[in-house]
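Reminder, nothing fancy here: chain letters follow the sequence lines and each chain counts from 1. Predicted, not measured: the structure shown is a model, and the values here were computed from it.
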Protein chains: 2
Amino acid sequence: MARKKKILATPEPIRPGDEDLGEIRNIVGFHIRLAQGAVYRHFTEAFTSLDLTQKQVSMLWLVGDHPQIAQSDLARRMRMDRATTMAVVNRLEARNLLERQPSPNDGRKHALYLTDDGNQVLSSAKALINQHEEWLKSRFSDAEVSTLIELLSRIHGWFPTD
Amino acid sequence: MARKKKILATPEPIRPGDEDLGEIRNIVGFHIRLAQGAVYRHFTEAFTSLDLTQKQVSMLWLVGDHPQIAQSDLARRMRMDRATTMAVVNRLEARNLLERQPSPNDGRKHALYLTDDGNQVLSSAKALINQHEEWLKSRFSDAEVSTLIELLSRIHGWFPTD
DNA sequence: TATTGTTATACTCTATAACTATA
DNA sequence: TATAGTTATAGAGTATAACAATA
């Protein structure tokens, strides 16, 4: 069930004059969206071979870290609603990377766990993530990376605990 | 051609224990995606009445600032490819907020401009954006806002010129 | 009643590919 | 040849709504 998509288009290069964005350049939300777009494109190119999206990798990662996690727990941690979570889980299950089990404690919940394929793919994905993050972090000092994560955490509500 | 969607679901509140994100908390891309998601949800709630997306508002704003702009110019400034730009322009044109004119200089290009409705909607949108940005910026000092914009600009490639 | 998972439905964004018209 | 716009197609993410099973 592979995607037909082959190579990802990168935006056309900036031309002289394009820099003038007007007042919109002071809108924080605009910059977050553009940054997410840039990261998304680089991520998708990096993961062409594995054919995984940001969301799918995040989910594999979290299930790997928390075996037997329920979908509702996943949804809260990834800040998604149940229906969206369902869609992502379905895709990963269809590719035999992840499976559902009945939860022993709560009949309403399903416990999620990675298959052998899922563990193997996650391992490859983490290696690719490291390369992708290197591309992303290379423009920042370590202190700037910490600052950026801290500022972004204030927006999405997670506070990394070291 | 209004959307059927009425009210937007917000993610369920965080529970004790959810804070443990494991190694993934050090991934910058993960935080950018979560932050964009939070901003997206608040934006969509704020723009329920106007029924506009982030992309649509950005486009109206840029066309308002640069009348007669061509789609290809818009695409470069918003870091989108032509097909995606086309889709957004089509939606705005279908709602009579924006129109295409043949460009006087270059027969290949179409000049875009806002209709009277478009100008009116943009005006309302800017007022809503100010409220939305206030929500976003309230958690930062002015210096932190500048820092955040500067750091994000290094990712998406735009360097605000004051 | 509340929670969890599920299914059906729909819209936006993003992108590829191929085509036409113009420069 | 290169650029600009267009159309067709498709996958992923996001969401609403309604339902069944369980707590």
Side-chain angles (χ1 to χ4, degrees), chain A residues 1-12 15 33 36-38 40-41 43-45 47-48 51-59 69-76 78-94 100-103 105-112, chain B residues 1-12 15 33 36-38 40-41 43-45 47-48 51-59 69-76 78-94 100-103 105-112:
Chain A
M1 205 179 154
R3 278 182 291 177
K4 304 272 173 51
K5 181 164 32 173
K6 292 296 186 297
I7 296 173
L8 202 68
T10 47
E12 295 185 36
R15 295 180 183 181
R33 204 169 51 67
Q36 162 60 16
Y40 165 79
R41 280 185 291 272
F43 184 102
T44 307
E45 286 189 53
F47 277 80
T48 302
D51 194 28
L52 291 171
T53 67
Q54 293 177 298
K55 210 123 247 185
Q56 291 165 355
V57 171
S58 295
M59 186 168 288
I69 194 173
Q71 279 182 204
S72 49
D73 286 344
L74 257 187
R76 273 194 304 277
M78 293 181 65
R79 319 300 281 144
M80 300 169 11
D81 66 17
R82 282 174 297 152
T84 305
T85 305
M86 187 78 193
V88 182
V89 169
N90 283 344
R91 270 176 220 118
L92 293 174
E93 191 184 38
R100 289 170 165 102
Q101 259 183 346
S103 170
N105 309 324
D106 190 328
R108 297 170 300 183
K109 296 186 180 179
H110 284 184
L112 303 177
Chain B
M1 203 179 154
R3 277 181 292 173
K4 303 272 172 54
K5 184 164 29 178
K6 292 296 184 302
I7 297 173
L8 201 66
T10 45
E12 297 185 36
R15 296 180 181 180
R33 202 169 54 65
Q36 161 61 15
Y40 165 79
R41 279 186 291 271
F43 184 103
T44 306
E45 286 188 55
F47 277 81
T48 302
D51 193 27
L52 291 171
T53 66
Q54 292 177 299
K55 210 125 247 183
Q56 291 165 355
V57 171
S58 296
M59 187 168 287
I69 194 175
Q71 281 183 200
S72 49
D73 286 345
L74 259 187
R76 273 195 302 278
M78 294 181 62
R79 320 301 280 144
M80 299 167 14
D81 65 18
R82 283 175 296 154
T84 305
T85 306
M86 186 78 193
V88 182
V89 170
N90 282 344
R91 269 177 220 119
L92 293 174
E93 192 184 38
R100 289 169 164 103
Q101 260 185 345
S103 169
N105 308 324
D106 190 328
R108 297 170 299 182
K109 297 186 180 181
H110 284 185
L112 302 177

**Student:** Give the nucleotide from the list dA15(C), dT6(D), dC13(C) with an atom nearest to the side chain of Val88(B).
**Tutor:**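 When the side chain of Val88(B) is considered, dC13(C) is the closest of dA15(C), dT6(D), dC13(C).
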**Student:** Between the protein and nucleotides 21-23 of chain D, which nitrogen or oxygen pairs come in under 3.5 angstrom?
**Tutor:**
from: dA23(D); atom 1: OP1; to: Gly107(A); atom 2: N; distance (Å): 2.8
from: dA23(D); atom 1: O4'; to: Arg108(A); atom 2: NE; distance (Å): 3.4

**Student:** Is there a donor-acceptor contact under 3.5 Å linking the side chains of Ser103(B) and Asp106(B)?
**Tutor:**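 No - no donor-acceptor pair under 3.5 Å links their side chains.
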**Student:** Run the side-chain hydrogen bond (donor to acceptor under 3.5 Å, both in side chains) test against Thr85(A) and tell me which residues pass, sequence neighbours left out.
**Tutor:** none
**Student:** How many Å lie between CG on Asp51(A) and P on dA10(D), as a whole number?
**Tutor:**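 It is 16 Å, rounded to the nearest whole Å.
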**Student:** Nearest to the side chain of Arg41(A) - dA15(C), dG5(C), dA4(D)?
**Tutor:** dA15(C)
**Student:** When you check the phosphate oxygens OP1 and OP2 of dG13(D), does a side-chain N or O of Arg91(A) lie under 4.0 Å from one of them?
**Tutor:** yes
**Student:** Please pick, from dT7(C), dG5(D), dG13(D), the nucleotide with the shortest atom-to-atom distance to any side-chain atom of Ala70(B).
**Tutor:**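 In terms of side-chain proximity for Ala70(B), the closest of dT7(C), dG5(D), dG13(D) is dG5(D).
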**Student:** Is Ser72(B) close enough to dA4(D) that one of its side-chain N or O atoms is under 4.0 Å from OP1 or OP2 there?
**Tutor:** yes
**Student:** Tell me which nucleotide among dT6(D), dG5(C), dG13(D) gets nearest to the side chain of Lys109(A).
**Tutor:**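 Closest nucleotide among those given: dG5(C).
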**Student:** Output the rounded distance in Å from CZ (Phe43(A)) to C1' (dT14(C)).
**Tutor:**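 The distance from CZ of Phe43(A) to C1' of dT14(C) comes to 15 Å, rounded to the nearest Å.
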**Student:** Hey, is the side chain of Arg33(B) poking within less than 4.0 Å of OP1 or OP2 on dG13(D), counting only N and O atoms?
**Tutor:** no
**Student:** Is it true that the side chains of Arg91(A) and Thr53(A) contain a donor and an acceptor less than 3.5 Å apart?
**Tutor:**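 Not at all, the side chains of Arg91(A) and Thr53(A) share no donor-acceptor pair under 3.5 Å.
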**Student:** Between atom CG in Asn90(A) and atom C1' in dG13(D), what is the gap in whole Å?
**Tutor:**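 Distance, rounded to whole Å: 14 Å.
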**Student:** How far apart are the C-alpha atoms of Val89(B) and Met86(B), what are their side-chain angles, what is the distance that settles it, and do they pass the side-chain contact (heavy atoms from CB on, under 4.5 Å) test?
**Tutor:** CA-CA 5 Å; Val89(B) 170; Met86(B) 186 78 193; 5.9 Å; no
**Student:** Given atom CZ of Arg100(A) and atom P of dT4(C), what is their separation to the nearest angstrom?
**Tutor:**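 Taking CZ of Arg100(A) and P of dT4(C), I get 15 Å after rounding.
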**Student:** Both Ala83(A) and Lys55(B) contact DNA chain C. Which one's nearest nucleotide lies toward the 5' end?
**Tutor:** Ala83(A)
**Student:** Reckon Gln54(B) has a side-chain N or O less than 4.0 Å from the OP1 or OP2 of dT12(C)?
**Tutor:** no
**Student:** If every non-hydrogen atom of Gln54(A) is compared with every non-hydrogen atom of Phe43(A), which pair is closest and at what distance?
**Tutor:** N-CE2, 3.3 Å
**Student:** dG11(D) phosphate, OP1 or OP2: any side-chain N/O from Thr53(A) under 4.0 angstrom?
**Tutor:** no
**Student:** Rounding to an integer number of Å, can you tell me how far Leu92(B) CG sits from dC13(C) C1'?
**Tutor:** 14 Å
**Student:** Just verifying a value: how many Å separate His110(B) NE2 and Gln71(B) CD, rounded to the nearest 0.5 Å?
**Tutor:** 8.0 Å
**Student:** Once you round it to whole Å, what is the distance between C1' of dG11(D) and CG of Leu52(A)?
**Tutor:**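 After rounding, the gap between these two atoms is 14 Å.
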**Student:** Output yes when at least one side-chain N/O atom of Thr44(B) is less than 4.0 Å from OP1 or OP2 of dA15(D), else no.
**Tutor:** no
**Student:** Determine the minimum heavy-atom distance between Arg79(B) and Arg41(A), stating which atoms define it.
**Tutor:**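 Where Arg79(B) meets Arg41(A) most closely, the heavy atoms are O-NH1, 3.2 Å.
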**Student:** Can you tell me the distance, in whole Å, between the CD atom of Gln36(B) and the P atom of dT14(C)?
**Tutor:**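 To the nearest whole Å, that distance equals 9 Å.
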**Student:** How many Å lie between CG on Leu74(A) and C1' on dT4(C), as a whole number?
**Tutor:** 13 Å
**Student:** Between Ser72(B) and Arg108(B), is a side chain to side chain donor-acceptor pair (under 3.5 Å) present by the stated rule, with each step listed?
**Tutor:** CA-CA 10 Å; Ser72(B) 49; Arg108(B) 297 170 299 182; over 6 Å; no
